Amino acid sequence: MAQSEQIQQQGGGAPVPAAATPDGPIHLTDKAVTMVKQTREQEGIEESFGLRVAVRGGGCSGFEYALDFENEPRDNDHVLEYDGLRVFVDALSARYLQGTEIDYVFGMQGAGFKFNNPKATGTCGCGSSFAV
């Protein structure tokens, strides 16, 4: 994703209902899908590329979210589709992301992707890392 885009995470919020993620561990809102497609286009990435959503060790709270574009899924990926956008989530990341809703928000502190992760027990001040 573009360096200027901020990744935010919201912890302690109400869990996302199970019905919101019937086909996989995460759910992208319509606004998030639109913004991913716009970003892909602005960065000159082919429409065949999907969005990889992952969790990595790091950040001040222990884990951080990672978003990137990738052409093909890996063997252990959950492959989701939202309005023609493929989304890849590896099996290990899926354990930490189960029930997570990803939205795109505009606010006083800027705009960015916001993760509402019911598994997060704490977050850092910058909003891009979390603990479970």
Side-chain angles (χ1 to χ4, degrees):
M1 304 254 91
Q3 292 291 334
S4 62
E5 291 185 319
Q6 180 180 0
I7 298 174
Q8 299 178 333
Q9 192 278 333
Q10 175 182 330
V16 176
T21 57
D23 298 320
I26 63 171
H27 173 75
L28 272 70
T29 65
D30 291 342
K31 185 64 176 171
V33 171
T34 298
M35 295 310 293
V36 169
K37 288 180 173 183
Q38 284 182 9
T39 300
R40 183 177 61 190
E41 182 179 329
Q42 289 170 350
E43 293 187 7
I45 297 171
E46 294 179 30
E47 285 187 25
S48 62
F49 279 64
L51 176 70
R52 173 153 307 276
V53 180
V55 172
R56 299 188 289 221
C60 40
S61 293
F63 295 100
E64 60 187 359
Y65 300 108
L67 300 175
D68 203 358
F69 291 108
E70 202 162 291
N71 193 29
E72 294 295 327
R74 299 175 190 157
D75 289 339
N76 68 343
D77 282 347
H78 293 265
V79 179
L80 312 169
E81 187 168 315
Y82 296 92
D83 191 27
L85 172 70
R86 293 183 306 159
V87 178
F88 312 128
V89 182
D90 67 89
L92 181 60
S93 294
R95 292 176 48 203
Y96 295 102
L97 294 169
Q98 189 64 46
T100 296
E101 179 182 72
I102 302 173
D103 195 7
Y104 192 88
V105 297
F106 298 93
M108 296 287 285
Q109 297 178 357
F113 290 96
K114 184 174 188 175
F115 290 72
N116 182 9
N117 185 344
K119 290 189 173 278
T121 59
T123 63
C124 68
C126 67
S128 65
S129 69
F130 69 102
V132 290

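By convention here, the first residue in the shown sequence is residue 1. The structure displayed is predicted, hence computed values, not measured ones. Side-chain atoms are counted along with the backbone in the values below, which use heavy atoms only and exclude waters and symmetry mates.
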For the CG atom of D103 and the CD atom of E101, what is their distance to the nearest 0.5 Å? 5.5 Å
Step through the shown structure and confirm whether more than 12 heavy atoms of other residues, nucleotides or ligands are within 6.0 Å of CD on E81. yes
How long is the straight-line distance from OH of Y65 back to CG of L97, given to the nearest 0.5 Å? 6.5 Å
When you compare the side chain of I26 with that of I102, does any pair of heavy atoms fall below 4.5 Å? yes
Work out which heavy atom in P25 is nearest to a heavy atom in V89; give both atom names and the distance. CG-CG1, 4.0 Å
Which residues pass the salt bridge (Lys or Arg N to Asp or Glu O under 4.0 Å) test with R86, not counting sequence neighbours? none
List in chain and number order the residues that pass side-chain contact (heavy atoms from CB on, under 4.5 Å) with E47, two or more places apart in sequence or in another chain; answer none if no residue qualifies. R40
The criterion is salt bridge (Lys or Arg N to Asp or Glu O under 4.0 Å); which residues satisfy it with K31, sequence neighbours excluded? none
Who are the salt bridge (Lys or Arg N to Asp or Glu O under 4.0 Å) partners of D83, not counting sequence neighbours? K37
Please check this pair: side chain of D90 against backbone of L92, looking for a donor-acceptor N/O pair closer than 3.5 Å. yes
Under the salt bridge (Lys or Arg N to Asp or Glu O under 4.0 Å) rule, collect the residues that match up with E70, sequence neighbours excluded. R52, R74
Got L28 and F113 here, is their nearest side-chain heavy-atom distance under 4.5 Å? no
In short, R56 meets A66 closest at the heavy-atom pair CZ-CB, 3.7 Å
Is any side-chain heavy atom of Y104 closer than 4.5 Å to one of T34? no
Value for CZ (F49) from CG (D68), rounded to nearest 0.5 Å, stands at 10.0 Å
If you define the side chain from C-beta out and look only at heavy atoms, does anything of L67 sit under 4.5 Å from V53? yes
If every non-hydrogen atom of V55 is compared with every non-hydrogen atom of F63, which pair is closest and at what distance? CG1-CD2, 3.7 Å
What's the separation between atom CZ in F69 and atom CG in L51, rounded to the nearest 0.5 Å? 6.0 Å
With sequence neighbours left out, the residues meeting side chain to side chain donor-acceptor pair (under 3.5 Å) with N71 are S48
Closest contact, heavy atoms only, Y82 versus H27: OH-CA, 3.3 Å
